[in-house]
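Heads up: the structure comes next, in structure tokens.
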Amino acid sequence: MVRGREGLPDEMGRYTAGTFCSSVGTATFRSIVPILAVTTLSVGADAVGVLNALSMIGMTLLGIPIGVFADRFSTRRMMIFADLARALLLLLVAVLGISGRLSIVALGIVCVCVGIAEVFFTTANSARVPSLVEDRQIPLAFGRLKAASTTGEVASPGVAAVMLGVVVAPAVAAVAAVAYLGSAALFAKPNGKLKHKQASRRSRRTFFSEALEGLRYSLGNPVLRALLLSGMAASTGAMFMNAFNVVYLANVVGLSAALIALVTTVQGVGGLVGALVAPRLIARRGEATTKIAASAAAAVPCLGYFAAPSLGADGIWAIVIACAGGGFVAVIAGVAGASVPARVAPRAMLGRVIACNRTFALGIMPFASIAGGLVVSQWGYEVGLISVIVFALASSLLLALSPFRRWTSASTRQEKDEDE
């Protein structure tokens, strides 16, 4: 097998490029949906909130069943199917929007379908990585994929904003469709010889029994259970922050809309740097130490938010540093955690284990967002920020007080081989 940079197979280059194209499509779609809703359909903030919730409902309801698909069928074909489905849906949005036939109901249905296809793609994308690289290269591979997806997420909204000055909003949806088609084309070419053959099979057991097996394994394994609970705490803290972040920056810190957009971009840049640094940190300190430390460090940026109002005009620098640091540690924690299920779970169950982890960690987001808004409206921004700190520290403590703190890839390799 031909090797590329950092010893990874050359196939990882095409795999990373496909992941990048998919993230461009997703980020463009997410940025254009509220614009379409407000400018084309003339709806309010409440409708935009419903559309955002609809785009996340797929993970909450179908995450674990889709994990069964990832274990039963070809993950490469699942990714291609998801890309093509999303491309067709966004082309439909573009046609309906340009012709004046787009409705809020149609846009809502598209959000649900695109969200479901996204779950298919992300589950298959993560589950396939261990079959492409050696076990010791898994953190590096996940780091490269995270860097690619973060780059797409950071760049796409800005590109979409520039395009909106030239073309109508529905036409930008067609650009997202092209990105998805590019991703499908990159994944369409089969990879070279896989390091580990994917466990593609036709089980005689029922679909429900396999889904339940994955759930039991995820909750029964102490390392995976700690990761799952930690992820829920981290997601809750992040959604608490998102619930009042823009309002706090505008009303308390006094930032303009342009400056708020700038600090959001800075957070993405910090995440990109974190994705590049994470594999080296993991190689030196291990997944467990890196994950625990980065999860705890996610509480530190809140101090910048506390300090900003008292700094006057210089408060923006406290926010910039806080956002960059927050993006940096969040991505490092994510990369460190992403490689663990691939090393712990049997390959025949990897799709279900990944899906279970994401279902709990991401499925709680809509409820946490609502709770965060209620907390701030009832008790103020200070309590909201303290809550974010508490959830960040809880995310770290749930790992530090569990068997995860002693976990290494070598400690579970023998157990994993026995399961397989």
Side-chain angles (χ1 to χ4, degrees), residues 58-76 78-79 82 118-133 135 138-139 141-142 145-146 194-201 203 205-235 282 287-288 291 333-364 395 398-399 402-404 407-409 411-420:
M59 176 59 76
T60 304
L61 298 180
L62 299 176
I64 295 176
I66 289 173
V68 179
F69 277 105
D71 288 334
R72 284 190 173 191
F73 304 106
S74 167
T75 49
R76 184 175 68 86
M78 281 180 61
M79 289 186 291
E118 176 73 9
V119 180
F120 270 98
F121 181 89
T122 55
T123 302
N125 185 262
S126 296
R128 190 171 180 79
V129 170
S131 66
L132 300 176
V133 299
D135 187 73
I138 289 176
F142 274 109
L145 291 179
K146 188 63 178 178
L194 299 180
K195 271 292 173 186
H196 306 284
K197 290 184 178 180
Q198 183 192 350
S200 181
R201 55 192 168 76
S203 175
R205 291 181 299 164
T206 65
F207 198 88
F208 177 79
S209 66
E210 290 197 43
L212 188 59
E213 180 187 37
L215 180 61
R216 286 174 174 169
Y217 189 92
S218 298
L219 296 178
N221 184 289
V223 171
L224 295 176
R225 183 172 61 248
L227 277 175
L228 186 150
L229 295 174
S230 172
M232 291 180 69
S235 294
I282 294 170
E287 285 96 333
K291 174 73 172 175
V335 173
S339 63
V340 176
R343 295 185 171 194
V344 174
R347 290 190 179 89
M349 205 183 295
L350 185 55
R352 282 167 285 171
V353 169
I354 290 174
C356 285
N357 191 289
R358 288 182 172 175
T359 297
F360 282 92
L362 303 182
I364 199 174
S395 175
L398 284 167
L399 298 173
S402 75
F404 178 81
W407 183 86
T408 64
S409 59
S411 66
T412 59
R413 187 177 295 119
Q414 182 178 358
E415 178 183 349
K416 179 178 175 180
D417 291 340
E418 291 174 355
D419 289 339
E420 296 175 350

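Sequence positions, counted from 1, serve as the residue numbers for this chain. Keep in mind that the numbers below use all heavy atoms, side chains included, and drop hydrogens, waters and symmetry copies. These numbers come from a predicted model, not from an experiment.
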Distance in Å, [X] [atom1] paired with [Y] [atom2], rounded so as to fall on 0.5 Å steps:
X      : Y      : atom1 : atom2 : answer
Ser218 : Glu213 : OG    : CD    : 10.0 Å
Cys356 : Leu227 : SG    : CG    : 13.0 Å
Thr123 : Glu118 : OG1   : CD    : 9.0 Å
Phe404 : Asn221 : CZ    : CG    : 11.5 Å
Arg76  : Ser131 : CZ    : OG    : 11.0 Å

Taking all non-hydrogen atoms of both residues into account, name the closest pair between [X] and [Y] and its distance.
X      : Y      : answer
Ala345 : Val353 : CB-CG2, 3.7 Å
Leu398 : Leu229 : CD1-O, 3.6 Å
Ala336 : Glu287 : O-CG, 3.7 Å
Gly351 : Ala127 : CA-CB, 4.2 Å
Ile138 : Pro130 : CD1-CB, 4.3 Å
Leu350 : Asp71  : N-OD1, 3.4 Å

Keeping [X] on the side-chain end and [Y] on the backbone end, is there a donor-acceptor pair under 3.5 Å?
X      : Y      : answer
Thr359 : Ala355 : yes
Arg358 : Thr122 : yes
Ser235 : Met232 : no

For Ser126 and Phe142, what are the C-alpha separation, side-chain angles and deciding distance, and is it a side chain to side chain contact (heavy atoms under 4.5 Å, CB included)? CA-CA 8 Å; Ser126 296; Phe142 274 109; 4.1 Å; yes
Determine whether [X] and [Y] make a side-chain contact, defined as any pair of heavy atoms from C-beta on separated by less than 4.5 Å.
X      : Y      : value
Ile282 : Val335 : yes
Tyr217 : Arg352 : no
Thr75  : Asn125 : no

Tell me, with the steps shown, if Ile66 and Phe121 meet side chain to side chain contact (heavy atoms under 4.5 Å, CB included). CA-CA 10 Å; Ile66 289 173; Phe121 181 89; over 6 Å; no
